[in-house]
> 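I'd like to ask you about the structure that follows.
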Amino acid sequence: MSEKTEEELTIWIKEQIDAYDAGTIDPDLAAHLDAEIPGWNDAGARARVTPEPAVEDTEAMAAWIEINRVAHVAGSLPEGRAEYLDSIAPGWSEAPAADADEVEAASDVPVTEPTD
């Protein structure tokens, strides 16, 4: 077996996380990863293996920030990442505001007074 680079291993772990999420990972492989690499699929691992997208790709950037927010809440954000996120996206660690569709949908719900 040849030595893998850190980048190759990162890509492989990301592929296994994606397969896990899709329900297509081999159960024996998942069990092996659980035994050999505890936390391979936790919020911190997801933040470490998900590459930062281009700033111009706002949808991908928002998803990347959310992955990091989840890791932050779980206490497993990679070292130095919070400071970096503070520099590129002030307020990143706060819960996102409701989007316009959610606000509009909520405004269509009638408000009723409680009855006794």
> Output, in order, the C-alpha distance, side-chain angles, deciding distance and verdict of side-chain contact (heavy atoms from CB on, under 4.5 Å) for Ile17 and Trp12.
CA-CA 9 Å; Ile17 290 171; Trp12 186 81; over 6 Å; no

> Any idea which heavy atoms bring Ala71 and Ala47 closest together, and the distance?
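Shortest heavy-atom contact: CB-CB, 3.8 Å.
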
> Compare all side-chain heavy atoms of Glu15 with those of Ile11 and state whether any distance is below 4.5 angstrom.
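Sidechains of Ile11 and Glu15: in contact.
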
> Grab the two heavy atoms, one from Pro90 and one from Ile88, that are nearest each other, plus how far apart they are.
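Closest pair (atom of Pro90, atom of Ile88, distance): CD-C, 3.8 Å.
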
> I need the minimum non-hydrogen distance between Ala45 and Gly39, along with the two atoms involved.
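The answer is CB-O, 3.4 Å.
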
> For the atom pair OG (Ser93) and CG (Asn68), what is the distance rounded to the nearest 0.5 Å?
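With rounding to 0.5 Å, OG (Ser93) is 11.0 Å from CG (Asn68).
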
> Please report the closest heavy-atom contact between Arg48 and Arg81, naming both atoms and the distance.
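For Arg48 versus Arg81, the nearest heavy atoms are CA-NH2, 4.4 Å.
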
> Any side-chain to backbone donor/acceptor pair from Ser87 onto Tyr84? Under 3.5 Å, distance only.
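Judged by distance alone, yes, a pair lies under 3.5 Å.
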
> Do Leu33 and Asn41 have side-chain heavy atoms sitting under 4.5 Å apart?
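Not in contact.
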
> A side-chain contact here means heavy atoms from C-beta on lying under 4.5 Å apart; do Ile67 and His72 qualify?
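No, every pair of side-chain atoms sits at 4.5 Å or beyond.
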
> How about Asp57 and Glu59: do any of their side-chain heavy atoms sit closer than 4.5 Å?
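Answer yes - side chains close enough.
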
> Work out which heavy atom in Ala74 is nearest to a heavy atom in Ala43; give both atom names and the distance.
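Nearest pair, atom of Ala74 first, then Ala43: CB-CB, 4.1 Å.
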
> Between the side chains of Asp18 and Lys14, is the shortest nitrogen-to-carboxylate-oxygen separation below 4.0 Å, so that they form an ion pair?
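Salt bridge: yes.
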
> Going from CG on Leu77 to CD on Glu83, what distance comes out if it is rounded to the nearest 0.5 angstrom?
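Output value for this atom pair is 8.5 Å.
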
> Using atom types as modelled and distance alone, determine if a side-chain donor or acceptor of Glu8 lies under 3.5 Å from a backbone N or O of Thr5.
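Yes; judged by distance alone, with no hydrogens or angles, the pair exists.
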
> Does the side chain of Asp34 pick up a donor-acceptor pair with the side chain of Trp40 at under 3.5 Å?
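Short answer, yes.
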
> Checking the side chain of Arg69 only, and the main-chain atoms of Trp92 only, is there a donor and an acceptor separated by less than 3.5 Å?
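Between the backbone of Trp92 and the side chain of Arg69 there is a qualifying donor-acceptor contact (under 3.5 Å).
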
> Can you tell if the side chain of Val70 reaches within under 4.5 Å of the side chain of Arg46, non-hydrogen atoms only?
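Of all side-chain heavy-atom pairs linking Arg46 with Val70, none is under 4.5 Å.
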
> With a 4.5 Å heavy-atom cut-off, do Gln16 and Tyr20 have their side chains touching?
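A side-chain contact under 4.5 Å is absent here.
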
